[in-house]
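On a predicted model such as this, the values are computed, not experimentally measured, just so you know. Along the sequence shown, residues carry numbers from 1. Read the numbers this way: they start at 1 and go in the same order the structure lists the ligands and their atoms.
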Amino acid sequence: MDKQSVLISVAKLAKMIIDAKQTTVLTGAGISTESGIPDFRSPGGLWEKYAPEIYGNIHSFLKDPTKFWEMAEKIAPNIFNAKPNPAHYALAELEKINMIKAIITQNIDGLHQKAGSVIVYEVHGNIERLICLGCRSSYPKKQVIKQLKKEKNYPPICDMCGAPLKPSVVLFGEDLPKFEFYQSHGLSEKSDLMIVAGSSLEVAPVSEFPILTIKYGGKLVIINDMPTHMDKKAELVIMGKLGTVLPLVVKKVKELLKNKNN
Ligand code: APR
């Protein structure tokens, strides 16, 4: 998309945000790539290096947790040290000026919260705690990392029952956390505008949320640097880098709000 068409689309989206009664944003890994965290399905993405059926699936984890931990040991430092990028800050700003109601995120990196977003539903969990698959004990991430640094024994096991620990992220084959799922389901139905930012929309049940918004009369906008299979259902598609597009949206929204109040 050339710069001119991006600016025209940004102006259209800004107007839709101002006119909407309730806007929800659904984010995917694409919003964190400019923070240095690879996404999953772009060329060079995580699933190109690690087959998801082996490294990202609960059944393979239960058979042999070492595979998952081999990948986690390599990618975790990058996620822990990542900082929010202008796209995260732009969404935090839109929440602050009451232009978006909430973020539904598939990301586990916590960057939305680090950027200042408050209402964030992490439908694929996060890396803040580790859960024992035996007795369901829950450990803070920092405590387990400290122990791993000292003892270097992978996979980390539960102090209570000796079963392997797993970060509180949702692997393929696992249910989504109930609270976040039902909150997001309700938001998708009630929002008259859903903006999808940086997701291929390949994975259910999250990929059904935009369909719910449309089913209940809402509009869908997709901002992505590649086409998605849902583009034809969208009212507006902005092809571009989120770190560039979202700050432009915030700027335009503020301009329109100022004119509206004058
Ligand atoms: N700006 C805009 N779009 C981007 C950017 C960027 N800077 N970087 C990447 N993208 C786009 C990619 O082109 C891709 O279409 O973001 C999308 C990311 O898609 P995926 O890698 O499939 O990530 P996501 O949609 O979040 O995956 C959903 O799949 O494997 C599971 O649990 C995992 O939560 C993940 C889920």
Inset, instruction - Answer with yes or no whether the side chains of R129 and S138 bring together a donor and an acceptor at under 3.5 Å. - result: yes
Legend entry - Residue selection (non-hydrogen contact nearest atom 4 (C) of ligand 1) among L171, T228, D225, V169: D225
Check each atom of ligand 1 against the heavy atoms of [X] and keep those under 4.0 Å away; list them by number with element.
X    : value
A29  : 23 (O), 24 (P), 26 (O)
F172 : 30 (O), 31 (C)
G240 : 1 (N), 2 (C)
S42  : 12 (C), 13 (O)
G28  : 26 (O)

Heavy-atom pairs closer than 4.0 Å: do any link ligand 1 to the side chain of [X], the backbone, both, or neither?
X    : result
V203 : side chain
R41  : both
Q106 : both

For [atom], closest protein heavy-atom neighbour:
atom                    : value
atom 9 (C) of ligand 1  : D39 OD2, 3.3 Å
atom 15 (O) of ligand 1 : N224 ND2, 2.9 Å
atom 30 (O) of ligand 1 : W47 NE1, 2.7 Å

Inset, instruction - Would you confirm whether H124, through its side chain, and I108, through its main-chain N or O, come within 3.5 Å as a donor-acceptor pair? - result: no
